[in-house]
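What follows is a set of notes on a single structure, which appears directly below.
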Amino acid sequence: MPELPEVEVVRRGLDAHVVGRTVTDVEVLHPRPVRRHVLGPLDFAGRLAGARVDAAVRRGKYLWLQLDTGDALSAHLGMSGQMLVQRPDAPAERHLRVRLDLDDGQQLRFVDQRMFGGLAVVGLVPTPDGLPAGTAAGGPSAPLLPPEVAHVGRDPLDPHLDLDRLVDRVRARRTGVKRALLDQTLTSGVGNIYADEALWRSRLHHARPTDTLPRPAVRRLVADVAAVMGEALAQGGTSFDALYVNVNGASGYFDRSLAAYGQAGAPCPRCGTAITREAFMNRSAYRCPRCQPVPRNARW
DNA sequence: CCCGGATCCTGCTGGC
DNA sequence: TGCCAGCAGGATCCGG
């Protein structure tokens, strides 16, 4: 479940079903998803066994479980990762990669078809700004995060996002605005779906040069990203198929509300012009050719 | 340092 | 029916 709203749906599920539990046993069924745990699968399992989960925290698309050992179980879902809470007698999923047994008899399962995602047990480092690291339940999270998240920018739903600094950094780039949105070091959690939806709301073409965007336009764009993500979250996220589900295996339904993404040939909800799809960065960009015309000096 | 393209995986779909 | 190219919501590495 790739983008911020879908990861936040998972985080909330982990909050409800896994926080407070102790890990009693671990099985790594495929080595690739723990490749970022440099000391190997055995060490990975050893550091988890006996640990209690104290919090579930998220920044952008990164997710981690704080453990009472001082370490954290760091997770990224990549393109196809799922975190499922299951009863032990539920049949193993086809792409089950890692299984954690919990002290309440349930299992936390990491299922990932394409294995771009993964898990690692890591030590936490201080946030550079000393502020809470990200989104967690029950008040602010600790000012600590996994090292691989240290370079990731605060996301649009983070109350500690420094909007003025973000606007300056976007405008300092010499690239197209969609590339900037997808750069997780500026702000995080934005992927192809929410980038296209926010650009449609802001009536911006994806190749609009960032350095010619007026400050208010960048501010509006960030506000549009936050708004579309908030609406998606309220509907349980976006999912086109069974690959993207919450910890109980259920799909969100924000796909019914998409104005541009995946809507090639369908009428623009604002002006009725047919939405187009074009190749962009080895994937797709969807836009309304009338509301979002190709700019002069386009920067792809 | 910044930017853009290639690459890592597996499975499904659509066209020939 | 069978095969294969193309595509999929992401991050990282590498060369310029």
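A quick note: this is a predicted structure, and the numbers were derived from the prediction, not measured. In the text below, chain A, chain B and the rest are named by the order of the sequence lines, each starting its count at 1.
Checking the phosphate oxygens (OP1, OP2) of B:dC9, no side-chain nitrogen or oxygen of A:H95 falls inside 4.0 Å. At C:dG9, none of the side-chain N or O atoms of A:Y194 fall inside 4.0 Å of OP1 or OP2 (strictly under the cut-off). At B:dG4, one or more side-chain N or O atoms of A:T175 fall inside 4.0 Å of OP1 or OP2 (strictly under the cut-off). Residue A:S80 has no polar side-chain atom (N or O) positioned under 4.0 Å from OP1 or OP2 of B:dG11.
B:dC3 and C:dG9: their P atoms are spaced 23 Å apart (whole Å). Straight-line distance between the P atoms of B:dT7 and C:dA5: roughly 16 Å, to the nearest whole Å. B:dC9 sits 15 Å from C:dC14 when the P atoms are compared, rounded to a whole Å.
B:dG4 atom P lies 14 Å from atom NZ of A:K178, rounded to whole Å. For A:Q82 and B:dG11, the CD to P distance is 14 Å, given to the nearest whole Å. A:D183 has its CG atom 15 Å from the C1' atom of B:dG5, to the nearest Å. Straight-line distance from the CG atom of A:N282 to the P atom of B:dC8: 13 Å, rounded to whole Å. In this structure, A:E197 places its CD atom 13 Å from P of C:dG9, rounding to the nearest Å. In this entry the distance linking CZ of A:F280 with C1' of B:dG4 reads 10 Å, nearest Å. The distance from atom CG of A:L258 to atom P of C:dA8 is 14 Å, rounded to the nearest whole Å. As rounded to whole Å, 12 Å separates atom C1' of B:dA6 from atom CZ of A:R179.
A side-chain donor from one of A:D101 and A:Q107 sits under 3.5 Å from a side-chain acceptor of the other. With no hydrogens or angles considered, a side-chain donor-acceptor pair links A:Q86 and A:E93 at under 3.5 Å. There is a side-chain donor-acceptor pair under 3.5 Å between A:R277 and A:S284.
Residue A:R270 places its CZ atom among more than 12 non-hydrogen atoms of other residues, nucleotides or ligands, all under 6.0 Å distant.
With sequence neighbours excluded, no residue forms a side-chain contact (heavy atoms from CB on, under 4.5 Å) with A:A223.
Stem regions for DNA chain B, each three or more consecutive Watson-Crick or G-U pairs with both distances under 3.5 Å and listed by first number, read B:2-8 with C:10-16, B:10-16 with C:2-8.
Between A:K61 and A:E3, no side-chain nitrogen of the basic residue sits less than 4.0 Å from a carboxylate oxygen of the acidic one, so the salt-bridge criterion is not met.
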(request) Scan nucleotides 10-16 of chain C nucleotide by nucleotide, 5' to 3', and note B when protein non-hydrogen atoms come under 4.0 Å of the base, S if they reach only the sugar-phosphate, - if neither. (result) BSS----
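Contact annotation for A:R94: backbone-only contact, meaning every heavy-atom pair under 4.0 Å involves sugar-phosphate atoms and none involves a base.
Side chain of A:Q184 to backbone of A:G153: no donor-acceptor contact under 3.5 angstrom is found. Under the 3.5 Å distance criterion, the side-chain polar atoms of A:E8 are left unmatched by any main-chain donor or acceptor of A:L4.
With rounding to the nearest 0.5 angstrom, the CZ atom of A:R287 is 11.0 Å from the NZ atom of A:K178.
Ranking C:dA8, B:dC12, B:dT10 by closeness to the A:Y286 side chain, first place goes to C:dA8. The nucleotide whose nearest atom lies closest to any side-chain atom of A:R174 is, among B:dC3, C:dA8, B:dT7, B:dC3. In the set B:dC2, B:dA6, C:dG9, the nucleotide with an atom closest to the side chain of A:R173 is B:dC2. The side chain of A:Q113 sits closest to B:dG11 out of C:dC7, B:dG11, B:dT7.
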(request) Before giving the answer on salt bridge (Lys or Arg N to Asp or Glu O under 4.0 Å), spell out for A:R58 and A:D155 the whole-Å C-alpha distance, their side-chain angles and the decisive distance to 0.1 Å. (result) CA-CA 10 Å; A:R58 180 194 56 73; A:D155 62 63; 3.1 Å; yes
